[in-house]
Undergrad: 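Mind having a look at this structure? Questions to follow.
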Amino acid sequence: MSESPRPSASAVQASHQVRAVISRLRRRILNASEVEDLTLGQASALARLSGKDGVTVSDLASVEGVRHQSMTATVNALAARSLVRRSPDPDDGRRQLVALTAEGRRRVEEGRQARTEWLAARLQERCTEEERRTVIAAMTVLERLTHD
């Protein structure tokens, strides 16, 4: 069996820098739309439900990487705020599907808008046109890394 060649010094340096910057940027973007009455887990679950007709709590827990019981508590809290609704699964009456309410959709969209506006404003204020074009080109390269 042949071993993979060791990464070059520049690949290792790029890896460290990309991870560090993305981690800090993610926190800043999330803080831009932080809703004080929702936990990060609740906000993440709402975002996962966006664009879906309904998913089971088990499926939602799986994609969020949490235990079923934890997701049940999250969904219960969101339902208490009228951000999600439960309905019987038409394919299996023993299961329930969770979907966004109109208010839940509004909250998700407002959060996305706030994050987009925050990042666009920072790019406008702190970067030149050439730097913004460099960011766009870099995103093309990074996007390629996400495909197998």
Side-chain angles (χ1 to χ4, degrees), residues 1-86 95-148:
M1 219 193 293
S2 66
E3 289 186 29
S4 299
R6 296 185 60 73
S8 67
S10 64
V12 172
Q13 181 181 359
S15 170
H16 288 297
Q17 287 180 326
V18 166
R19 286 180 34 240
V21 168
I22 287 176
S23 179
R24 285 192 307 270
L25 184 59
R26 181 178 180 273
R27 280 193 301 276
R28 294 292 305 270
I29 290 171
L30 288 173
N31 286 338
S33 68
E34 191 171 328
V35 182
E36 293 181 18
D37 65 333
L38 294 179
T39 66
L40 185 57
Q42 291 167 348
S44 182
L46 281 179
R48 292 275 186 189
L49 290 168
S50 181
K52 298 191 174 31
D53 292 332
V55 298
T56 65
V57 170
S58 294
D59 290 341
L60 193 54
S62 177
V63 297
E64 285 289 298
V66 299
R67 294 184 355 249
H68 183 274
Q69 294 84 351
S70 297
M71 186 53 66
T72 297
T74 297
V75 168
N76 287 343
L78 294 171
R81 292 177 171 87
S82 299
L83 299 174
V84 299
R85 61 175 160 65
R86 293 182 179 98
R95 299 187 320 172
Q96 289 193 330
L97 298 178
V98 179
L100 293 176
T101 62
E103 177 64 11
R105 280 190 298 281
R106 184 189 68 74
R107 294 279 293 267
V108 168
E109 186 53 41
E110 282 181 359
R112 285 182 181 149
Q113 184 68 29
R115 291 186 299 274
T116 297
E117 289 174 4
W118 179 87
L119 186 54
R122 293 311 168 282
L123 288 165
Q124 183 67 39
E125 294 166 2
R126 299 179 183 184
C127 299
T128 65
E129 182 64 29
E130 183 179 341
E131 288 171 327
R132 289 189 293 271
R133 290 182 193 280
T134 300
V135 169
I136 292 167
M139 292 303 100
T140 301
V141 172
L142 292 175
E143 177 66 24
R144 208 170 52 226
L145 301 178
T146 66
H147 301 289
D148 292 333

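Note that this is a predicted model, so its numbers are computed, not measured.
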Undergrad: For residues 108-126, which residue pairs qualify under salt bridge (charged side-chain N to carboxylate O under 4.0 Å, His left out), counting only residues two or more places apart or in two chains?
TA: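 Matches after skipping sequence neighbours: R106-E110.
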Undergrad: Between L25 and L119, does the side-chain contact (heavy atoms from CB on, under 4.5 Å) criterion hold? Intermediate values first, please.
TA: CA-CA 9 Å; L25 184 59; L119 186 54; 4.1 Å; yes
Undergrad: Can you name the closest pair of heavy atoms from A32 and A114 and give their distance?
TA: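 So the two residues come closest at O-CB, 4.1 Å.
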Undergrad: Starting at CG of L78, measure out to CG of L46 and round the result to the nearest 0.5 Å.
TA: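 Spacing of CG (L78) from CG (L46) equals 4.5 Å.
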Undergrad: S82: what forms a side-chain contact (heavy atoms from CB on, under 4.5 Å) with it, not counting sequence neighbours?
TA: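 S82 satisfies side-chain contact (heavy atoms from CB on, under 4.5 Å) with no residue once adjacent residues are dropped.
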Undergrad: Provide the closest heavy-atom pair for L123 versus R132 in the form atom of the first, atom of the second, distance.
TA: O-NH1, 3.2 Å
Undergrad: Can you name the closest pair of heavy atoms from L49 and V98 and give their distance?
TA: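 Where L49 meets V98 most closely, the heavy atoms are CD2-O, 3.5 Å.
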Undergrad: Yes or no on side-chain contact (heavy atoms from CB on, under 4.5 Å) for R86 and V75, after CA distance, side-chain angles and deciding distance?
TA: CA-CA 9 Å; R86 293 182 179 98; V75 168; 3.3 Å; yes
Undergrad: side-chain hydrogen bond (donor to acceptor under 3.5 Å, both in side chains): which pairs involve residues 9-21, sequence neighbours left out?
TA: S8-S10
Undergrad: Determine which pairs satisfy salt bridge (charged side-chain N to carboxylate O under 4.0 Å, His left out) with at least one residue from residues 21-32, sequence neighbours left out, and list them in order.
TA: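 Found none.
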Undergrad: Taking all non-hydrogen atoms of both residues, which atom of T74 and which atom of G41 are closest, and how far apart?
TA: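 For T74 versus G41, the nearest heavy atoms are CG2-O, 4.0 Å.
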Undergrad: Could you name each residue pair satisfying salt bridge (charged side-chain N to carboxylate O under 4.0 Å, His left out) that touches residues 59-69, not counting sequence neighbours?
TA: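 Applying salt bridge (charged side-chain N to carboxylate O under 4.0 Å, His left out) to every pair that reaches into residues 59-69, excluding sequence neighbours, yields R48-E64.
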Undergrad: Set out, in order, the CA-CA distance, both residues' side-chain angles and the distance that settles side-chain contact (heavy atoms from CB on, under 4.5 Å) for R81 and L38, then state yes or no.
TA: CA-CA 10 Å; R81 292 177 171 87; L38 294 179; 4.0 Å; yes
Undergrad: OG1/T56 to CG/L97 distance, rounded to the nearest 0.5 angstrom?
TA: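 It is 7.0 Å, given to the nearest 0.5 Å.
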Undergrad: Using distance only, find each side-chain donor-acceptor pair of residues 133-147 under 3.5 Å and give its atom names and separation, not counting sequence neighbours.
TA:
unit_1, atom_1, unit_2, atom_2, d
R133, NH2, E129, OE2, 3.3
T134, OG1, E130, O, 3.0
T140, OG1, I136, O, 3.3
E143, OE2, T146, OG1, 3.4
E143, OE2, H147, NE2, 2.9
T146, OG1, E143, O, 2.6

Undergrad: Over all heavy atoms of both residues, which pair between H68 and V57 is shortest? Give the atoms and the distance, please.
TA: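 Distance-wise, the nearest heavy atoms are NE2-CG1, 3.8 Å.
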